[in-house]
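Each chain gets a letter, A, B and so on, in the order its sequence line appears, and its residues count up from 1.
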2 protein chains.
Amino acid sequence: MPTALEKARQAPDSMKARILSAARKLFGEYGFHGVTTRMIAKEVGIDISTLHYHWGEKQELYEAVLTDLSDEIRAKLVEIEDLVHGKPLAVRLEVAIDVMCDHIFGNPESANLMLFSYFSKNRLTSDIDVRLTRHLANIAVAMGLAVDKSQVPPQANARVLAVWNSVINFAAGESFFRPLLRVDPQTYVDVVKETLKFILIPAFTQKG
Amino acid sequence: MPTALEKARQAPDSMKARILSAARKLFGEYGFHGVTTRMIAKEVGIDISTLHYHWGEKQELYEAVLTDLSDEIRAKLVEIEDLVHGKPLAVRLEVAIDVMCDHIFGNPESANLMLFSYFSKNRLTSDIDVRLTRHLANIAVAMGLAVDKSQVPPQANARVLAVWNSVINFAAGESFFRPLLRVDPQTYVDVVKETLKFILIPAFTQKG
DNA sequence: ATTTGATTCCATCTTTTGATGGACAAATCT
DNA sequence: AGATTTGTCCATCAAAAGATGGAATCAAAT
């Protein structure tokens with residue numbers, strides 16, 4: 001039996017899915033406390049009670065957004081893993097950076113949501129934590145930073161986190177950073193990719 | 001004639017300064033919309049009207065917190081610059097990472113405030129932008145990424161930003177990341193320093 | 001045609017929140 | 001001392017925000 005969220009995803013034009021989508025966009029822009037149910041309802045063009053009818057409390061809707069995000073990221077990581085399987089590390093990194101950047105710049109609210117869930121004390125679910133831990137372990141092993149998935153040293157996880165953070169930071173902070181760099185959107189993406197490669201590839205490919 | 005903020009800093013036990021300090025702590029934890037004036041007043045142990053008497057609107061108080069933060073960061077950057085002046089790049093980076101980490105882990109709300117001001121659409125002042133632009137240019141020149149302070153290419157600024165972000169991310173995200181790494185607070189700081197050096201130093205010191 | 005169930009909106013409630021006026025006390029000035 | 005300014009709290013307001021009950025609408029089932 002599909003969960004409510006899965007149903008919503010199956011019918012992307014359903015009211016429930018439209019609300020989720022609008023909520024995701026707004027929560028990504030302003031954070032949990034920066035968004036009111038009325039803002040979401042207005043974005044969809046419906047009444048607040050319709051929103052409550054489909055999703056219940058505001059917090060439930062927010063949790064659904066985070067779960068949705070987590071699923072999306074997991075899917076993307078699997079896709080990248082398939083893409084780079086068997087390739088040498090430098091190539092893996094390069095492809096991963098490209099694909100991740102393209103995805104995250106295409107869905108900038110994802111990066112914002114992630115940062116909000118990392119840094120805000122308003123963390124409502126530990127769901128993302130568990131999933132992220134697994135992802136980290138997988139990536140660490142794939143990058144040769146650990147041999148055993150269940151025995152990843154903190155240093156290895158920290159290195160993966162550093163890479164991960166670098167990517168989502170530039171995406172989430174575009175509206176702040178791009179004016180600083182004084183470049184247009186396309187150039188910004190290119191500069192970010194180049195910068196990430198410049199910084200990350202030497203560290204992981206030098207020596208043995 | 002000193003501004004209100006300067007006065008508050010001169011007398012750190014004054015009511016105005018105590019309010020600013022509490023506000024800074026709470027805004028750093030929960031963001032602008034996640035904090036109510038009543039929360040701040042309660043933290044200080046005063047009535048809301050006393051808060052309004054000293055600081056006026058909530059937004060004015062928030063802006064004062066950001067200005068305060070900006071001053072603090074600037075002072076720290078100057079301190080680091082003095083410390084590493086004339087040293088080779090690898091050493092500069094190492095010392096900068098150590099000092100910056102120690103400072104930012106000692107004031108974790110600073111990192112959070114910075115992230116909030118970067119990524120939230122609720123940006124109320126462009127003060128930080130201007131100052132940060134100058135800092136970036138200075139650091140870029142100091143790192144040999146640009147020759148002229150007033151002509152820093154976007155690539156150079158992006159590289160400095162990447163370093164900068166890496167540091168504040170690990171600090172702001174400690175409550176989220178540390179459980180993931182399963183280490184105690186002191187070990188966390190050490191692992192972060194090691195990781196940052198591992199990633200950043202090779203990128204900037206390899207080849208010519 | 002009637003019943004049933006799912007959706008949607010309007011009106012409304014309660015709590016939270018930002019903000020202020022005024023009383024009162026302490027400190028400062030004349 | 002008496003007047004004035006400063007600082008603090010209590011009571012209260014108005015707007016915002018989360019939430020709900022119930023009526024109206026519509027489609028599907030009987």
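- In this structure, A/Met39 places its CE atom 15 Å from C1' of D/dG18, rounding to the nearest Å.
- OP1 or OP2 of D/dT8 has at least one side-chain nitrogen or oxygen of B/His54 nearer than 4.0 Å.
- For A/Gln186, the side-chain hydrogen bond (donor to acceptor under 3.5 Å, both in side chains) partners are A/Asp190, not counting sequence neighbours.
- One can place CG of A/Leu51 at 13 Å from C1' of D/dA17, the figure rounded to the nearest angstrom.
- B/Glu72 and B/His103 share a donor-acceptor pair across their side chains, judged by distance under 3.5 Å alone.
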Return the polar atom pairs (N/O with N/O) between nucleotides 9-13 of chain D and the protein under 3.5 Å, or none.
unit_1 : atom_1 : unit_2  : atom_2 : d
D/dC9  : OP2    : B/Asp47 : N      : 3.1
D/dC9  : OP2    : B/Thr50 : OG1    : 2.8
D/dC10 : N4     : B/Ser49 : OG     : 2.7

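- When rounded to the nearest whole Å, the span between NZ of A/Lys58 and P of D/dG18 equals 4 Å.
- Not counting sequence neighbours, the partners of B/Lys25 by the salt bridge (charged side-chain N to carboxylate O under 4.0 Å, His left out) test are B/Glu43.
- Taking every nucleotide of DNA chain C with any atom under 4.0 Å from a non-hydrogen atom of chain A, the first and last of them, 5' to 3', are C/dA6 to C/dC10.
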Just list the side-chain donor-acceptor pairs under 3.5 Å for residues 154-164 of chain A, sequence neighbours left out, or say none.
unit_1   : atom_1 : unit_2   : atom_2 : d
A/Trp164 : NE1    : A/Tyr118 : OH     : 2.7

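- Aromatic rings of A/Tyr62 and A/Phe27 (six-membered ring for Trp) have centroids within the 6.0 Å cut-off, being under it.
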Chi angles and distances behind the side-chain hydrogen bond (donor to acceptor under 3.5 Å, both in side chains) call for B/Thr187, B/Arg178: CA-CA 9 Å; B/Thr187 309; B/Arg178 197 161 61 72; over 6 Å; no

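- Here A/Val44 lies out of heavy-atom contact (under 4.0 Å) with every strand.
- Put simply, CH2 on B/Trp55 is 18 Å from C1' on D/dT8, counting in whole angstrom units.
- Under 4.0 angstrom from either OP1 or OP2 of D/dT8 there lies no side-chain N or O belonging to B/Tyr53.
- Residues A/Val152 and A/Leu136 form no side-chain contact, since every pair of their non-hydrogen atoms from C-beta on lies 4.5 Å or further apart.
- For A/Glu81, the side-chain hydrogen bond (donor to acceptor under 3.5 Å, both in side chains) partners at least two apart in sequence or on another chain are A/Arg92.
- By the 30° and 60° cut-offs, the orientation of the rings of B/Phe170 relative to B/Tyr188 is perpendicular.
- Atom NE2 of A/His52 and atom P of D/dA17 are 13 Å apart (whole Å).
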